[in-house]
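No experiment lies behind these values; they were computed from the predicted model shown.
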Amino acid sequence: MALFFGTLLVCAQEKEKGSFSGGFESNVQWYLNDKGLKDQFNNPTVHPVDPLRSNSYLFANYKIGKWIFGIQAEAYEQQALLNMNPKYNHTNVATYFAQYKGEKIDVTAGYFYEQFGSGLLFRSWEDRALGINNALRGGRIVYKPTDFLTFKGIYGQQRTGFDVAESHIYGGNFDFTVSELMGWKTTSLSFGGDYIWRYEKTNILNPNFDNTTNGIGSRMSLSHGSVYFSAEYDYKSPDAVVQAPGQIDKRLIKPGNAILINSGFSKKGFGIDASFRRLENMSFFSERAAKGNVFNDRIMNYVPSLTKQHHYNLANIYVYQAQPNVLLAGTNFVKAGEIGGQIDMFYDFKKGTKLGGKYGTKLALNCSNWNALSGTYYINLPQDYKTDFFGFGQRMFTDYNVEIIKKINPKWLTGFTYINQYYNKKYIEDATGEINTQIVGAEATYKISGARSVRFMGEHMWADYDRKNWAAATLEFNLNAMFTVYAYDLYNYGNDLDYYRNHYYNVGGSFRKKATRLALNYGRQRGGLVCVGGVCRFVDENSGVSLSFNTSF
């Protein structure tokens, strides 16, 4: 803080002109005592001790010349929103940094965010909706001697709540763009490499694993015209496996690895993209015992699920979470990672054709499939496993869907979606049951005039297990470019337990003007997973009034 304000004072004395920027965000919820929501024993859900809660963030940056200074304060009053990390409490300064950004060198001291490659080996980032902020407190140097070569070096301790983890993280990265060196115009070719070193000394007596865990990765990317291809391989050195939160098993020492391949073709009116990924023991935390925590706390790498991100509510009840962990729980429940991928395709039927009609028709197809790794698993002591490199074991998740978007006339835009899902609850949630679902959704938007429009969505899910059938409807009215109001209801009418046949209704609206947005809503939150970009957090069922405000300056 002395460095921060001292530098501002020096700059002011020199009478240089700088610029301020920043923002404020607050998410407030008043939880109501809703006796209609019941637990598994038909008892009303427990009302929070502190019913009025909020997560608020105030951040400011000051830029002068080649220098940037930043600070962020956070407040969680009276407590953080439900299911957030309990380490987020009260009010305090959360992050701060000073950065010098020149033409060839970029130096940061304080808290910073960084990502190597796709993030499978290392990523630090912030996502407030998920309660993730795993910035590093330390230093980063970026050196770019030429336009085609970049080096990065980092050191830090990872943020956890308002403190930092008891480990030290070092890393290096380089990116080499061959096409920039050669002056190619239509072809792009680049290579990269990463190294991560985590040092954590545990309190385990006579550990037979190193305090240091090393990670190394390599990648390449190639594109020419409409065709592109990329591949990445990451390796994590042998380390103690954690099968349950807080339980470090010094008898099972295994390495980890990841392969990610992406390829596709895209041009006007047609595109296809295919991804393949294999993960084995690839969860990575700044503290070993943090593995398995439900708050994404102290997570060092970014392992999102590679599936379609649906915009229909019912399609997001059974969402896949990536499975990079090891679990040897019994002869019928073993896993050491995942293998699978997805294919995404779109095609635009041209205007004036039989299928395109006057305004054209858009068709999108997507399929994803994920399995556990096959191999030989030894569940009795001493535990061990040997996986098949390209072996597909127990099926965990599939999603096949088709979407058609059709413009009827200048006023009407319609859409239809069919989704078929398989969800293995045992392997994904460590629960019981296998669920097959079929979902249909239809939507229509009517443009009244200017920015004024009304939109309707109807959905239905048939499920053969768990909570069975659902129906849902959404009505949204855009009064103009600033005001929007909406109402929706998810009805679990097919549940075998009558006290679970709930309506999860919600009504609300939002106002947006320039860089300011205010939203207010009242209703019920369905319990389960809430996901952003393929990363999820669990939320309990609740009912209440929510207020969200954010602005930037």
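- A donor atom on one side chain and an acceptor atom on the other are found under 3.5 Å apart for Asp489 and His503.
- The shortest side-chain heavy-atom distance between Phe397 and Asp399 falls under the 4.5 Å cut-off.
- Side-chain contact, Asn27 with Glu25: a donor N or O sits under 3.5 Å from an acceptor N or O.
- The backbone N or O of Asp540 sits less than 3.5 Å from a side-chain atom of Asn83, completing a donor-acceptor pair.
- Between Tyr491 and Tyr493, the ring-plane angle classifies as tilted under the 30° and 60° cut-offs.
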Tyr302 and Gln115: CA distance, side-chain angles, deciding distance, side chain to side chain donor-acceptor pair (under 3.5 Å) verdict: CA-CA 9 Å; Tyr302 177 60; Gln115 175 173 324; over 6 Å; no

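- Between Asp430 and Lys425 no salt bridge is recorded (no basic side-chain N to carboxylate O distance below 4.0 Å).
- Annotation: cation-pi pair Lys254/Tyr385 present, NZ/CZ under 6.0 Å from the ring centroid and within 45° of its normal.
- For the residue pair Tyr31/Asp50, the side-chain donor-acceptor check at 3.5 Å is not satisfied.
- The shortest side-chain heavy-atom distance between Tyr88 and Asn55 does not fall under the 4.5 Å cut-off.
- Ser56 has its side chain out of reach of Glu74: every pair of non-hydrogen atoms, C-beta onward, lies at least 4.5 Å apart.
- Gln79 and His90 are not linked by any side-chain donor-acceptor pair at a separation below 3.5 angstrom, with hydrogens and angles left out of the test.
- Within the 3.5 Å criterion, the main-chain N or O of Asn257 finds no donor-acceptor partner in the side chain of Glu280.
- Ring geometry, Phe333 versus Tyr427: the interplanar angle exceeds 60°, so the pair is classed perpendicular (tilted spans 30 to 60°).
- Just one of Met345, Gln309, Lys308 meets the side-chain contact (heavy atoms from CB on, under 4.5 Å) condition when paired with Asn366; it is Lys308.
- For Asn301 (side chain) and Leu120 (main-chain N/O), a donor-acceptor pair under 3.5 Å exists by modelled atom type.
- Cation-pi contact between Lys236 and Phe284: present, with separation from the ring centre below 6.0 Å and deviation from the ring axis of at most 45°.
- Taking CG of Asn480 as the start and OG1 of Thr484 as the end, the distance is 8.0 Å to the nearest 0.5 Å.
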Residues Tyr318, Asp466; criterion side chain to side chain donor-acceptor pair (under 3.5 Å); working and verdict: CA-CA 11 Å; Tyr318 300 111; Asp466 198 38; 2.7 Å; yes

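- Trp470 is listed as a side-chain neighbour of Ile317, based on a closest heavy-atom distance under 4.5 Å.
- Using a 3.5 Å distance cut-off with no hydrogens or angles, the side chains of Asp464 and Asn436 do pair a donor with an acceptor.
- Residue pairs that meet the ring-ring contact (aromatic ring centres under 6.0 Å, His included) test with at least one member in residues 507-549, sequence neighbours left out, are Phe483-Phe511.
- Checked by atom type and distance alone, the side chain of Arg501 pairs as donor or acceptor with a backbone atom of Asn495 at under 3.5 Å.
- Formation of a donor-acceptor pair under 3.5 Å by the Glu403 side chain with backbone atoms of Leu365 is not found in this model.
- Side-chain atoms of Lys38 and Thr45 include no donor-acceptor pair closer than 3.5 Å.
- A distance-only check finds a donor-acceptor pair linking the side chain of Gln243 to the backbone of Leu328 [under 3.5 Å].
- Aromatic ring orientation, Tyr57 versus Tyr76: perpendicular (interplanar angle above 60°, classes split at 30° and 60°).
- A salt bridge links Glu541 to Arg467: at least one charged side-chain nitrogen sits closer than 4.0 Å to a carboxylate oxygen.
- Between the side chains of Gln72 and Tyr96, not a single donor N or O lies within less than 3.5 Å of an accepting N or O.
- Looking only at side-chain heavy atoms (C-beta outward), Asn478 and Val454 stay at 4.5 Å or farther from each other.
- Defined by atom type and a distance below 3.5 Å, a donor-acceptor pair is missing between the side-chain atoms of Ser124 and Asn134.
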Residues His460, Gln438; criterion side chain to side chain donor-acceptor pair (under 3.5 Å); working and verdict: CA-CA 8 Å; His460 189 275; Gln438 295 187 71; over 6 Å; no

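- A distance of 10.5 Å separates CH2 in Trp125 from CG in Asn133, rounded to the nearest 0.5 Å.
- With Ser263 contributing its side chain and Tyr228 its backbone, the two residues share a donor-acceptor pair below 3.5 Å.
- Side-chain atoms of Thr91 and Glu77 include a donor-acceptor pair closer than 3.5 Å.
- Residues Tyr113 and Leu136 are not in side-chain contact: their nearest non-hydrogen atoms beyond the backbone lie 4.5 Å or more apart.
- Inspection of the Ser167 and Arg198 side chains reveals no N or O donor paired with an N or O acceptor under 3.5 Å.
- Going from atom CD1 of Ile259 over to atom OH of Tyr235 covers 13.5 Å, rounded to the nearest 0.5 Å.
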side-chain contact (heavy atoms from CB on, under 4.5 Å) assessment of Val507 paired with Val485: CA-CA 8 Å; Val507 295; Val485 294; over 6 Å; no

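- Ion pairing between a basic and an acidic side chain is recognised when a charged N comes within 4.0 Å of a carboxylate O; Arg219 and Asp194 show such pairing.
- Tyr320 and Gln421 form no side-chain donor-acceptor contact under 3.5 Å, judged by distance and modelled atom types alone.
- With no hydrogens or angles considered, no side-chain donor-acceptor pair links Gln321 and Ser305 at under 3.5 Å.
- In the model, Ser118 has a side-chain atom that pairs as donor or acceptor with a side-chain atom of Glu232 under 3.5 Å.
- Between the side chains of Asn521 and Asn506, at least one donor N or O sits under 3.5 Å from an acceptor N or O.
- Checked for salt-bridge contact, Arg278 and Glu338 miss the test: no charged N lies under 4.0 Å from a carboxylate O.
- From Cys536, atom SG reaches atom CG of Leu529 across 5.0 Å, with rounding to the nearest 0.5 Å.
- Note that the CZ atom of Arg277 and the CD1 atom of Ile261 stand 12.5 Å from one another [nearest 0.5 Å].
- For Arg53 (side chain) and Ala80 (main-chain N/O), a donor-acceptor pair under 3.5 Å exists by modelled atom type.
- Gln525 and Asn542 share no side-chain donor-acceptor pair at under 3.5 Å.
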Criterion side chain to side chain donor-acceptor pair (under 3.5 Å) on Ser230 and Ser221, from CA distance to verdict: CA-CA 4 Å; Ser230 65; Ser221 178; 5.4 Å; no

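- In summary, Arg140 and Glu114 engage in a salt bridge, as defined by a charged side-chain N under 4.0 Å from a carboxylate O.
- For the pair Leu327 and Val334, the minimum side-chain heavy-atom distance is 4.5 Å or more.
- A salt bridge links Lys87 with Asp297: the distance from a Lys NZ or Arg NE/NH1/NH2 to an Asp or Glu carboxylate oxygen falls below 4.0 Å.
- Residues Ser368 and Thr307 have side chains that never bring a donor and an acceptor to within less than 3.5 angstrom of each other.
- Between the side chain of Thr414 and the backbone N or O of Lys406 there is at least one donor-acceptor pair closer than 3.5 Å.
- A donor atom on one side chain and an acceptor atom on the other are not found under 3.5 Å apart for Gln158 and Glu166.
- Between the side chain of Arg537 and the main chain of Val539, no donor-acceptor pair closer than 3.5 Å is present.
- In this structure, NZ in Lys335 is found 9.0 Å from CG in Asn424, a value given to the nearest 0.5 Å.
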